[in-house]
Engineer: 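Take this structure first; my questions come after.
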Amino acid sequence: MNGSQPLLATRDLTGGYGEIDILTGIEMTVAAREIVTIAGTNGSGKSTLAKAVMGFLPRTAGTIRFDGIDLLAQPAEKRLALGIAYVPQVANIFPSLSVEENLLVIENVADRRARLEAMYAHFPALKPLRRRRAGSLSGGERQQVAFARTLMPEPKLMVLDEPTAALSPAIVSKILALIRTLPEAGVAVLLVEQRAREALAISDRGYILDQGRIVLADTAAALLSDTRMAELYLGHGLTESDKAPS
Ligand SMILES: Nc1ncnc2c1ncn2[C@@H]1O[C@H](COP(=O)(O)OP(=O)(O)O)[C@@H](O)[C@H]1O
Ligand SMILES: [Mg+2]
């Protein structure tokens, strides 16, 4: 990042899959080495926003700037070379390949062996598992493989879509703690999560989506104590962790 320019910035971002807008007027920024949560109830447009940033949404309008580049003018397949990596909610590893093969098949990596060792240093649990078939690992271990794969080409921004969705509560906090360490490795994180409170607890700032619009935008600390959060979430069929204490 140079000066006060954010790494990622959307202006009046609108888009959808067909004629109906799913996202409306999204104004969002992520600074270098910042963790920003996108939270909201099921169907509020969180994954759609991640897909818009990644260039996977069939129809988008407005602007998305990343590191000084007009992202919407770039094809989706250029995102990784530009420094944006994506971990989708599902199918984020090759189950039939070993842990190490999953890391080595990633493109745009200058010195694969050196990066591999850096990944084992960042995710120590993976080194003893490196010959294991990735599909045989636990949910938390698989998510670490997905993170390590994504970090191989040294991205500036990681877009994570519900990285804790399929995990048991004990593993959730472990994975969030690992996400918390990413800025130390020079990586900013756009963290899409339905578990708003847990995600905000490791974030700098957050945006709350409701029906494809940003309805709250603030520091993570301010959002965590904002009573409107509970109102937005009540009655929307949330996970236990997101329910306001009764
Ligand atoms: N591939 C798709 N085609 C058409 N509509 C979709 C598609 N994916 C999601 N939607 C719709 O977009 C809205 C937002 O979905 P999504 O972004 O997946 O929400 P979230 O990730 O917050 O649960 C929902 O109404 C959903 O039905
Ligand atoms: Mg989603």
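Atoms within each ligand, like the ligands themselves, are counted from 1 in listed order. Positions are given from 1 along the sequence.
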Engineer: Under 2.8 Å from the Mg ion (ligand 2), which protein atoms of type N, O or S occur, listed by chain and number?
Structural biologist: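 The answer, once waters are left aside, is Ser47 OG.
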Engineer: Do Asp161 and Ser47 get their side chains close enough for a donor-acceptor pair, meaning under 3.5 Å?
Structural biologist: yes
Engineer: Under a 4.0 Å N-O cut-off, is there an ion pair linking Lys127 with Glu117?
Structural biologist: yes
Engineer: With salt bridge (Lys or Arg N to Asp or Glu O under 4.0 Å) as the test, would you mind laying out the steps for Arg213 and Glu27 before giving the verdict?
Structural biologist: CA-CA 9 Å; Arg213 294 173 189 270; Glu27 308 260 333; over 6 Å; no
Engineer: For Asp218 and Arg205, run salt bridge (Lys or Arg N to Asp or Glu O under 4.0 Å): C-alpha distance rounded to whole Å, both residues' side-chain angles, the deciding distance at 0.1 Å, then the answer.
Structural biologist: CA-CA 6 Å; Asp218 216 326; Arg205 290 186 302 113; over 6 Å; no
Engineer: So, Thr219 side chain and Ala222 main chain: donor-acceptor pair closer than 3.5 Å or not?
Structural biologist: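 Checked: pair present.
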Engineer: What does the 4.0 Å heavy-atom contact list look like for ligand 1?
Structural biologist: Tyr17, Ile22, Thr41, Asn42, Gly43, Ser44, Gly45, Lys46, Ser47, Thr48, Lys51
Engineer: Salt bridge check, Glu100 against Arg113: does any charged N sit closer than 4.0 Å to a carboxylate O?
Structural biologist: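 So Arg113 pairs with Glu100 through a salt bridge.
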Engineer: Are Tyr207 and Lys46 linked by a side-chain donor-acceptor pair shorter than 3.5 Å?
Structural biologist: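 Tyr207 vs Lys46: no donor-acceptor pair found between side chains.
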Engineer: Side chains of Glu198 and Ser173: do they bring a donor and an acceptor to under 3.5 Å?
Structural biologist: no
Engineer: Same cluster or not: Leu8 versus Val187, using hydrophobic residues (I, L, V, M, F, W, Y) connected whenever any side-chain heavy atoms lie under 4.5 Å apart?
Structural biologist: no
